[in-house]
Amino acid sequence: MPIEINWQLLMPELVIASTLLIVLVFDLFDSISKAVLGWMTIVGAGIALWVSIQMHHAGTVGTQFNDMFKVDNFSLFFNIIFLVSTILVALISMSYLDRNDRKQGPYYLLILLATLGMMLMAAGNELIIVFLGLELMSLSLYVLAGYFRESPASSEAGMKYLLLGAFASAFFLYGIALIYGGAGTTSVPAIAEAIAAPNKSPLLLAGMFLLIVGFGFKVAIVPFHQWAPDVYEGAPTTIAAFISAGPKAAGFAAFLRIFMEALPNLQVEWGSVLIVLAMLTMTVGNVIAIAQTNIKRMLAYSSIAHAGYVLIGLAAANNDGISSAMLYLLIYCVMNIGAFGVVILAKTEDGESLMISDYAGLGLRKPLLAMFMTIMLLSLAGFPPTAGFVGKLYIFKSAVQAGHIWLVIIGAINTAISAFYYLRVVVTMYMREPEEELTFTSYPSTLVVGLVLAAIGVLLIGILPSLMLTPAQNSVF
Amino acid sequence: MLLSIVIFLPLLGVIAIALLRGFGATAVKGIALVIGLLTFVISLGLYTGFDATTATFQNVTQEEWIPGLGTKYHIGIDGISLWLVLLTTFLTPVCILAAWNSVEKGLSGFMMSLLALETGMLGVFCALDLFLFFVFWESMLIPMYFLIGIWGGERRIYATVKFVLYTMAGSALMLVGILALYFQNGNSFDFTTLSGPFEHSHLLFLAFFIAFAIKVPLFPFHTWLPDAHVEAPTVGSVILAGVLLKMGTYGIIRFCLPLFPDAATHFTPLIVTLAVIGIIYGALVAMVQPDLKKLVAYSSVSHLGFVVLGLFSKTSPGIEGSVLQMINHGLSTGALFLLVGMIYERRHSRMIVDFGGLAKRMPVFATIFMIVTLSSIGLPGLNGFVGEFMILFGSFITDAFSKWYVVFAATGVILAAVYMLWMFQRVMFGTLDKTNEELPDLNAREIVVMLPLLLFIVWIGVYPKPFLSKMQKSVGLVVTKVQTEPAMGRAEKQMLRDPQLVLQETQRAQREDIEKEAETK
């Protein structure tokens, strides 16, 4: 049977796939300056971003490959999140790779591959496709986490990520198998039809729980989070930024698609599980983050806590809950990559400054850098008028609507807890004197562009949230 | 429009300073002062244009902001917020002038924080949208955090973090309350369409009240205040005591009392007890403080206890007195902190034991200090007396709580005289220490800073009518709302909101009437 292919529907994915092929080919020529590869990645992702935005505006809907691949505003909105993350990460990576004297070709290739995997996950209308996307993304990330081969920390991060990630994939695959056993299909709409009947097969329930475990590993929710701090700390900082942003959003995209579209009839069961996980994730993430002295580890625990906030939206399981989770993921990606960008920039002559105490006096010595960091941290902490505030408020609102008052109270208290450690960095930057005089490298222009974009995004969404809020609300499947 | 200009002009000043700070310290100070004065002058237009014959909100601006979240840019003032707006715009230029020479590092950042703080505070007093209110409420924390944390004293980091965390813990609960109100208000954050009774009104009341009580601060939530005051720079203390604390009492008048009258009645005994404890406890602790600034800080706890007492008397004189006392406390405590700051700049000590006999050396300082001290105590003829008298009078005639509370509260007035006069005596009279012999008296700038404060201290004391007359209608509305027990049921209220239902209801009634008529025939 010939397959009719609607190329237009696949445009964003095709653009990324061609970009990565071009990068692969150009990497072969030694005569070409390797900086070009980074720019190619940015241009390719930029075109894909533009195409995705246009398709989102037009409200494109359609399926491909026997309904296995579904393009709708939901997947397109997530494409926007992934591509924004990819562009920002590429921007902050260029000078970082130069500085550490790394090969650039495979780096960008792997980033693009991971991006493609994420896009597949968001568009997967079939559990197997989701799994394919997940593996494409994860395998690329394992390599990227260990990209600094001779650094023991980086290798350890890659190894640890690989082992635990493979474990998670196995859980996920087992879950798919059990759901197939219960529903007789792996297609998302068909599963929903198959379990419309009131009797709930234990196989389905077991499969559902295994899926939660698998996703829980991928998006680092408590109690499946242990890998995150070690990997973030050991991996190259740009990759830590990348892992904390796009892949987390991709995990949630598949999570939303499968649970809201395939398993809505099991909502009573997974809803209560998610409430408990959300409470645990927020609280554990924030409380442990307080004790951190290494800024990368602190950001790792903070990113765990933020997954908890997103889970509040998932647990609400109403339209506002879905769109608030999506909006929050977008905001979170921008502000988190921004914060990691400052960590990269705040490098001293003798290496990266990774201890929070290294930031003492930054406010006076590097006012611009400190200002960027302050904007990102205030947004992470959820202070107005930054995007983080709007995102958090919207999530809380959807949960109140769903009647989860206690979840919101715990979330709100967690916001206050998180303010403590975010503000501690601000305290260190502005209110403590440096212990020793540190010299800073100059500002690489690409990194500054990335930071400026992130800062503008955070403030713009904070002051005029409708810019992204309306698209997010139009993206619920 | 006028109100929006008043709110956002200081923010414009922040941007101007950020762009022009390369031109040196004088330019930065000049911009800040000009913007501060301009804001005050423009805000006077709010006073002259204010219609005192109505309790409705005036100078209202309503624009779409985030339709997807059901929130609008909706601002306006009534007779209560008018005064707090004026107090804010008045104190800010005074503070800028007072900080003229005392900021050693990061002057532009200091002035930017001060002006940003002004925008945040004004926004809190003017917001008529719960979301907008919360935005301003939270965003005002950041500049204050920097003011205390960067330009404060030795333990500034501890103090500023404690201040932020206390406030955030309170506002976290308030946020939940706001969201819960949103769904009971027909999916809108609009304040003006809010009308009770609400479901779970006791819990909602507490969610708001705790946030405000921390800000006031009501005993036992007050422990952040002495730390913040002692560590804050002079100007930070003035703004903190003058305006920030009033955000708490303002919130009680604006939200807790009119929205949840039944819950307010239910919790009155508890709250009034805490207020009276605060009055006496604050006064007693103030009495034994060796540090001038700490003494003034604890006196704030005592004075704000009076304000809360007056509010929960739920009578017109009580609440009017409270609002007036909010202004009074802003003026006289602000002035006290300024004076303490001036003496600290000269002597680099705030310990009472280090002083004595200053009246001989600094006669102008001593005179001004005397007037402000007496105003704080509540001497007739000065502002403090009018406010405290009205509060005690209102509390005495109310049925809301027993007169014994008032008897105990009144001892606070006596205790205030004890700790203030004793402090004054130890600082100003007695033998002049050798180290203090060279202390110069106030210079022209410092006198200019103090004069406007003194003017209002005397004015309110002698002729408070222009102040009271503007707030009467608005306070009257609060009193009616809080005293009339909710008569309408929830279903009826829902109906009133929905014209379709009203129509159906009248049609049904008409039909029944016709049927009845037919039956009787």
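Naming: A, B, ... by sequence-line order, numbering from 1 per chain.
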Using heavy-atom distances under 4.5 Å, tell me whether A/Thr386 contacts chain B through its side chain, its backbone, both, or neither. neither
Examine whether an atom of A/Thr415 lies under 4.5 Å from a heavy atom of chain B, and if so say whether it belongs to the side chain, the backbone or both; otherwise answer neither. both
Taking atom [atom1] of [X] and atom [atom2] of [Y], what is their separation to the nearest 0.5 Å?
{"X": "B/Lys162", "Y": "A/Phe420", "atom1": "NZ", "atom2": "CZ", "result": "13.0 Å"}
{"X": "A/Lys397", "Y": "B/Phe189", "atom1": "NZ", "atom2": "CZ", "result": "6.0 Å"}
{"X": "B/Leu179", "Y": "A/Leu393", "atom1": "CG", "atom2": "CG", "result": "5.5 Å"}
{"X": "A/Tyr430", "Y": "B/Ile150", "atom1": "OH", "atom2": "CD1", "result": "7.0 Å"}

Would you mind checking which part of [X] comes under 4.5 Å of any heavy atom in chain A, side chain (CB onward), backbone (N, CA, C, O), both or neither?
{"X": "B/Phe136", "value": "neither"}
{"X": "B/Trp65", "value": "both"}
{"X": "B/Ile178", "value": "neither"}

Report the option among [options] that has the most heavy-atom pairs separated by less than 4.5 Å from atoms of chain B.
{"options": "A/Gln473, A/Arg432, A/Gln401", "result": "A/Gln401"}
{"options": "A/Ile413, A/Leu378, A/Ile417, A/Ile405", "result": "A/Leu378"}
{"options": "A/Pro367, A/Ala412, A/Pro384", "result": "A/Pro384"}
{"options": "A/Ala472, A/Ser323, A/Pro465", "result": "A/Pro465"}

What class does the angle between the rings of A/Phe389 and B/Phe134 fall in, given that below 30° is parallel, 30 to 60° is tilted and above 60° is perpendicular? parallel
Counting only heavy atoms from other residues, nucleotides and ligands, does the tally under 6.0 Å from NE2 of B/His202 exceed 12? yes
B/Leu69 vs A/Leu469, side chain to side chain contact (heavy atoms under 4.5 Å, CB included): CA-CA, chis, key distance, verdict: CA-CA 8 Å; B/Leu69 280 180; A/Leu469 183 76; 3.8 Å; yes
Which of B/Asn187, B/Val161, B/Leu175, B/Ile157 touches chain A most, by non-hydrogen pairs under 4.5 Å: B/Ile157
Under the side chain to side chain contact (heavy atoms under 4.5 Å, CB included) criterion, do B/Tyr145 and A/Val427 qualify, and how do the steps go? CA-CA 9 Å; B/Tyr145 165 76; A/Val427 163; 2.9 Å; yes
For the residue pair B/Ile66 and A/Tyr394, establish whether any side-chain heavy-atom pair is separated by less than 4.5 Å. no
Side-chain heavy atoms of B/Trp151 within contact of A/Met431, under 4.5 Å: no
Are A/Val400 and B/Tyr182 close enough, and set up right, to give a side chain to side chain contact (heavy atoms under 4.5 Å, CB included), and what steps lead you there? CA-CA 10 Å; A/Val400 171; B/Tyr182 170 88; over 6 Å; no
